[in-house]
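Here the structure is laid out as structure tokens; the discussion comes afterwards.
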Amino acid sequence: MFFLPIKRIKQKNESMLFMPELPEVETVRRAMAAHLIGRRIIRVQTSNKRLREPLPKPRLKALAGVSFTCAERRAKFLLLHLDDGQTLLVHLGMTGNLVFRQATEKHDHVIFELDGGLSLVYADPRRFGMVLVCSAAELAASPYLNRLGVEPLDDAFNLEFLWSHCKGRERPIKNMIMDSHVVVGVGNIYASEALFNAGIRPTVAAKRLSKVRLGRLVEAIKAVLRDAIQAGGTTISDYLGDGSGGRFQQSLAVYGRTGQGCLVCERPVQAMVMAGRSTFYCSGCQK
DNA sequence: AACCGCGCCTGTTCGC
DNA sequence: TGCGAACAGGCGCGGT
């Protein structure tokens, strides 16, 4: 039994909040690839709660007897392929988690009892996530997957790509990089962090940014996501070793640090709301 | 066409 | 002290 390393964000009050972004989802995918593939489902139990989509209970329960063959990630979706040709399409939403454990907890929504006595649990207190069963045809036609932008860590996400999207666009650069039809997996936290690292103020109109600065932003996005995945991957081996449930913690330069000194220039970190989302930046380091 | 704001959810924290 | 409001955010959708 082990725990998955979901990043915990420190709030003003020192309490912690789960927030799966792309690095966390990739970390979960790697854990599934390592420990779920090849296992057979003995029985499936579900809650009666509605997630983002209603749970397909009959189709979930009908999975008894099939085995997991492959774990993929697309954006923040997990694609857990099965040997009957179907795929579990899982999104962790804001508070979802896939974890191996025996004891049932309050917010468990799907429990896959596996051969070997292990259980895989989908838990999600705020129920922003989803667990769907898709045939190959349904997966290929899925509206959730079809309109997604490029993967930020793919070569296709590069300066030319971002520049072509920013050209002539009035919208703020933060909204642009958080638009999943453009580039996927850049959530609210990493958007603020990447813009800080690139020295770009989140409010700047996309079309005002030079190619040089957009190039810095592309690299900052890739770097912050790569670093976070690296850290998540490190903790996986840790908690497998001693079962202590290691937690991946990201050191954040601006996110959630309103009023605290910038780590570079010591000016107080500014907070504002953009497109309904809290946004953080340093007025000294970001222009 | 481009792009913003809303609503879904619950646990935690804040203010009165 | 108790209770309601505010807040956290991914993402599709409706509206401008």
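Numbered from 1 within each chain, the chains take letters A, B, ... in sequence-line order.
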Nucleic acid footprint by protein, nucleotides 10-16 of chain C - heavy-atom cut-off 4.0 Å, B for base, S for sugar-phosphate alone: BBSS---

So, the side chain of [X] versus the backbone of [Y]: is there a donor-acceptor pair under 3.5 Å, distance only?
X       : Y       : answer
E193(A) : A253(A) : yes
E219(A) : R216(A) : no
R30(A)  : A34(A)  : no

Atom-pair distance ([atom1] on [X]; [atom2] on [N]), nearest Å:
X       : N       : atom1 : atom2 : result
Y190(A) : dA8(C)  : OH    : P     : 18 Å
E105(A) : dT10(B) : CD    : P     : 17 Å
K207(A) : dC3(B)  : NZ    : C1'   : 14 Å
R126(A) : dA6(C)  : CZ    : C1'   : 12 Å
M274(A) : dG5(B)  : CE    : C1'   : 14 Å

Sugar-phosphate, base or nothing in reach of D179(A), heavy atoms under 4.0 Å: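 Contact class for D179(A): none.
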
Carboxylate-amine/guanidinium contact R101(A) D108(A), below 4.0 Å: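 Yes, R101(A) and D108(A) are salt-bridged.
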
Common cluster, L88(A)/L55(A), ILVMFWY with side-chain heavy-atom separation under 4.5 Å: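 Yes; tracing contacts between hydrophobic side chains, which count when under 4.5 Å, links both residues.
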
Worked verdict on K207(A) versus E170(A) for salt bridge (Lys or Arg N to Asp or Glu O under 4.0 Å): CA-CA 6 Å; K207(A) 69 177 186 181; E170(A) 297 280 355; 2.5 Å; yes

Check against side-chain contact (heavy atoms from CB on, under 4.5 Å), L132(A) and Y144(A): CA-CA 11 Å; L132(A) 299 178; Y144(A) 287 112; 4.2 Å; yes

Short side-chain N/O contact from H107(A) to OP1 or OP2 of dG11(B), under 4.0 Å: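 Result: yes.
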
Any K106(A) side-chain N or O less than 4.0 Å from OP1/OP2 of dG11(B):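 For dG11(B), OP1/OP2 do have a side-chain N/O of K106(A) under 4.0 Å.
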
DNA chain B-proximal residues of residues 164-173 of chain A, any heavy atom under 4.0 Å: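 Here the set is R169(A), E170(A), R171(A), P172(A).
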
Ring geometry between F161(A) and F157(A) (parallel below 30°, tilted from 30 to 60°, perpendicular above 60°):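 The arrangement is perpendicular - the two ring planes meet at more than 60°.
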
Criterion side-chain contact (heavy atoms from CB on, under 4.5 Å) on L114(A) and I42(A), from CA distance to verdict: CA-CA 5 Å; L114(A) 305 169; I42(A) 304 300; 5.7 Å; no

